[in-house]
Amino acid sequence: MSDLRVRFAPSPTGYLHIGGARTALFNYLLARKLGGTFILRIEDTDVERSTQESVDAILQAMDWLGLSYDEGPFYQTERFDLYKEKVQQLLDEGKAYKCYCSADELDTKREAAMARGDKPQYDGTCRDLDPRDDDAPYVIRFKSKKEGVTSFNDRIKGTISFNNQELDDMIIQRTDGTPTYNFVVVIDDAEMGLTLVVRGDDHVNNTPRQIQIYEALGYPVPEFAHVPMILGADKKRLSKRHGATSVMAYRDMGYLPEAMVNYLVRLGWSFGDEEIFSMDDLIEKFTLENVGRSAGVFNPEKLLWLNEHYIKTGDPQRLGELLGEYLTTLGHPSTDGIDLAEVVKTLQDRSKTMVEMAEKAVFYVTEAVEFDQSAADKFLTAEQVPVFEALVAQLEQCSFDAEGVEAAFKTVLEQTGLKFGKVGQPTRVALSGGTSAPGIYEVILVLGRERSIQRLKDAIARIG
RNA sequence: GCGCUCAUCGUCUAGCCUGGUCCAGGACACCGCCCUUUCACGGCGGCGACAGGGGUUCGAAUCCCCUUGGGCGUACCA
């Protein structure tokens with residue numbers, strides 16, 4: 001047990017995306033490795049854009065990835081009283097002030113400053129205004145330091161410093177009385193006792209402002225670790241334009257959570273030349289020291305490769321259960337008489353995703369085999385009838401196991417004088433409907449004696 | 001524009017801190033060969049990078065500076 005306290009603090013304005021998931025994963029890994037506490041906090045102060053559906057989607061995605069939290073979820077919208085209290089404290093101590101500049105005025109000033117080539121900072125118009133209490137609309141700004149330097153030692157990036165002149169007086173409370181992100185994040189991180197804040201490096205620029213607020217409020221400043229961004233193939237920040245960015249979309253596409261976790265962690269973190277990591281490996285091996293400093297490009301191909309790996313090496317029983325779900329989605333909820341774990345064994349080396357596996361498994365569980373037209377034309381011909389009949393005869397009386405089925409084929413080969421290919425491929429088409437399928441003996445075994453024979457008979461009937 | 005930051009194969013990266021063992025290693029992708037009852041799996045091999053320029057040094061991917069390029073920020077979003 002350690003006193004490490006970390007958190008994942010998504011804003012519920014959409015599904016859990018690749019980048020957020022990685023941040024959550026890093027936090028989770030650190031907490032588990034060091035026996036610390038992992039807190040989940042929902043940053044829903046933007047009441048306009050936050051939705052319960054998003055919260056549910058995020059929770060579901062974390063659950064899918066196996067990222068359990070120890071405390072929370074906490075909702076910021078339920079903590080407004082606390083924030084109000086802190087704003088008042090700052091106001092009372094003269095560390096914050098009311099600003100009556102309108103949003104329009106501010107926009108105008110900002111544009112003017114830009115046009116002049118100046119920094120688009122708030123000019124401090126209301127900073128030293130005498131207190132007045134008319135009812136004109138106002139926001140509350142934090143009175144930041146005008147001189148000196150604010151710096152911190154980032155656990156990933158090293159020391160980062162900002163001239164305080166670069167920091168203007170940011171708004172901590174909106175006209176409507178709600179607090180803003182940069183303010184509440186400090187209060188919550190402090191009140192929740194965080195010792196380390198691991199987040200995306202798009203927050204680096206916010207950090208000095210936040211540090212000043214910690215200090216103004218008398219809170220200890222936690223450590224920070226800013227994780228590099230994830231980019232798309234064009235090196236632009238990852239977005240929907242780059243394809244699926246929702247974690248759950250990958251589940252729907254047939255990805256396994258362990259593949260996603262493994263991929264995500266390797267994007268930015270490494271452990272020598274190793275590529276494959278289970279969650280337990282990661283909890284043991286993950287360290288911030290081995291997280292890179294530069295942004296990385298999301299590479300779907302490698303994710304696919306990892307998925308392929310985990311499918312190939314996965315437990316057939318478990319994969320079989322998942323396969324059932326994907327088959328249901330494909331419209332084949334009934335798998336009566338077919339052992340899906342056995343199906344999995346025949347398809348593990350041939351599927352990159354569970355969806356692909358399900359598509360390939362359909363012929364096993366379907367009532368009516370769907371024939372590939374050209375395959376049927378080519379292999380289900382009149383001359384096959386006697387061959388199929390001979391095979392049926394053998395299958396009816398052979399011992400139904402790998403050796404027995406193989407012997408059955410051998411006998412047919414001898415009887416007909418044909419080479420394996422001449423018997424195997426037509427049989428494959430008769431049983432599966434197409435020319436590409438698992439080994440023919442495996443298919444027969446998984447299908448079962450009865451069903452295999454029936455399909456051969458159906459093929460004979462089909463040929464006419 | 002300004003601020004912060006990053007920079008090794010197409011991509012993820014090892015190496016960089018503690019210069020020489022690196023004419024730079026691994027992985028994905030790609031290409032070729034082999035294996036093979038179809039489709040795959042697999043095995044073997046190949047292609048492919050220290051952004052550029054200055055320094056420092058006997059020696060630099062490794063240290064310093066500049067340039068260039070990328071990312072992020074610059075909201076009454078988070």
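First the proteins, then the strands, lettered A, B, ... as listed; each starts at 1.
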Would you check if the distance from the ring center of [X] to the ring center of [Y] is below 6.0 Å?
X	Y	result
A:H203	A:Y181	yes
A:W305	A:Y310	no
A:Y69	A:Y28	no

Length of the [atom1]-[atom2] vector between [X] and [N], whole Å:
X	N	atom1	atom2	value
A:F277	B:rG26	CZ	C1'	11 Å
A:E275	B:rA27	CD	C1'	4 Å
A:H203	B:rA78	NE2	C1'	6 Å
A:Y75	B:rA78	OH	C1'	17 Å
A:R199	B:rC4	CZ	C1'	14 Å

Remember a base hit wins even if backbone is also touched, and classify [X] as base, sugar-phosphate or nothing at under 4.0 Å, heavy atoms.
X	value
A:K360	nothing
A:Y441	base
A:D176	nothing
A:N182	base
A:P438	base

Listing time: all N or O pairs from protein to nucleotides 63-67 of chain B that are below 3.5 Å?
none

Problem set entry | Side-chain donor/acceptor of A:R350 to base of B:rC39, under 3.5 Å |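 Indeed, a donor on one side and an acceptor on the other fall under 3.5 Å apart.
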
Exercise. Has the side chain of A:T180 got a donor or acceptor that lies under 3.5 Å from a partner of the other kind on the base of B:rC76?
Worked result: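 Side chain to base: no pair below 3.5 Å.
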
For this session: Syn or anti for B:rC41, please, going by whether the chi angle lies within 90° of 0.
Result: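 Nucleotide B:rC41 adopts syn.
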
Tell which nucleotide pairs with [N], taking only Watson-Crick or G-U wobble pairs whose two distances are both under 3.5 angstrom.
N	result
B:rC4	B:rG71
B:rC30	B:rG46
B:rU37	none
B:rA78	none

Side-chain heavy atoms of [X] within contact of [Y], under 4.5 Å:
X	Y	result
A:I444	A:F400	yes
A:M170	A:S144	no
A:E43	A:V185	yes

Can you list, in residue-number order, the parts of [range] that come under 4.0 Å of RNA chain B, counting heavy atoms only?
range	answer
residues 76-90 of chain A	none
residues 44-52 of chain A	A:T45, A:D46, A:R49
residues 404-435 of chain A	A:F420, A:Q425, A:R428, A:T435

Exercise. Is there a donor in the side chain of A:N262 and an acceptor in the side chain of A:E258, or the other way round, less than 3.5 Å apart?
Worked result: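 On atom types as modelled, these side chains do not qualify, holding no pair under 3.5 Å.
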
Any idea which of [options] is nearest the [X] side chain?
X	options	value
A:M229	B:rG3, B:rA78, B:rG71	B:rG71
A:N299	B:rC28, B:rC39, B:rC76	B:rC28
A:Y181	B:rU37, B:rA78, B:rG3	B:rA78

Exercise. Are A:R266 and A:F277 in a cation-pi contact, defined as NZ or CZ under 6.0 Å from the six-membered ring centre and within 45° of the axis?
Worked result: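 Cation-pi check for A:R266 and A:F277: fails.
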
Problem set entry | Lys NZ or Arg CZ of A:R141 over A:Y122 ring: under 6.0 Å, within 45° |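 Relative to the ring axis of A:Y122, which defines the angle, A:R141 lies inside both limits.
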
For this session: Let me have a per-nucleotide readout for nucleotides 13-19 of chain B, 5' to 3', with B, S or -, counting only protein heavy atoms under 4.0 Å.
Result: SS-----

For this session: Summarise protein proximity over nucleotides 42-53 of chain B in one line of letters, 5' to 3': B for base, S for sugar-phosphate only, - for none, counting protein heavy atoms closer than 4.0 Å.
Result: S-----------

Problem set entry | Distance below 4.0 Å between A:K235 side-chain N/O and B:rU11 OP1 or OP2 |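 Answer is yes, contact under 4.0 Å.
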
Problem set entry | Side-chain N,O (A:K236) to OP1/OP2 (B:rG71) below 4.0 Å |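 Yes, A:K236 has a side-chain N/O under 4.0 Å of OP1/OP2 on B:rG71.
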
Exercise. Which class fits the ring pair A:F286 and A:F26: parallel under 30°, tilted 30 to 60°, perpendicular over 60°?
Worked result: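 Rings of A:F286 and A:F26: tilted, as their planes differ by 30° to 60°.
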
For this session: Go through the steps to decide whether A:T125 and A:D123 satisfy the test side chain to side chain donor-acceptor pair (under 3.5 Å), and finish with yes or no.
Result: CA-CA 6 Å; A:T125 303; A:D123 62 3; 2.6 Å; yes

For this session: Return the 5'-most residue of the pair A:T159, A:N206 with respect to RNA chain B, ranking by each residue's nearest nucleotide.
Result: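 With A:T159 and A:N206 compared, the 5'-side residue is A:T159.
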
For this session: Show your working on side chain to side chain donor-acceptor pair (under 3.5 Å) between A:T45 and A:R79 and close with a plain yes or no.
Result: CA-CA 10 Å; A:T45 55; A:R79 299 160 65 82; over 6 Å; no

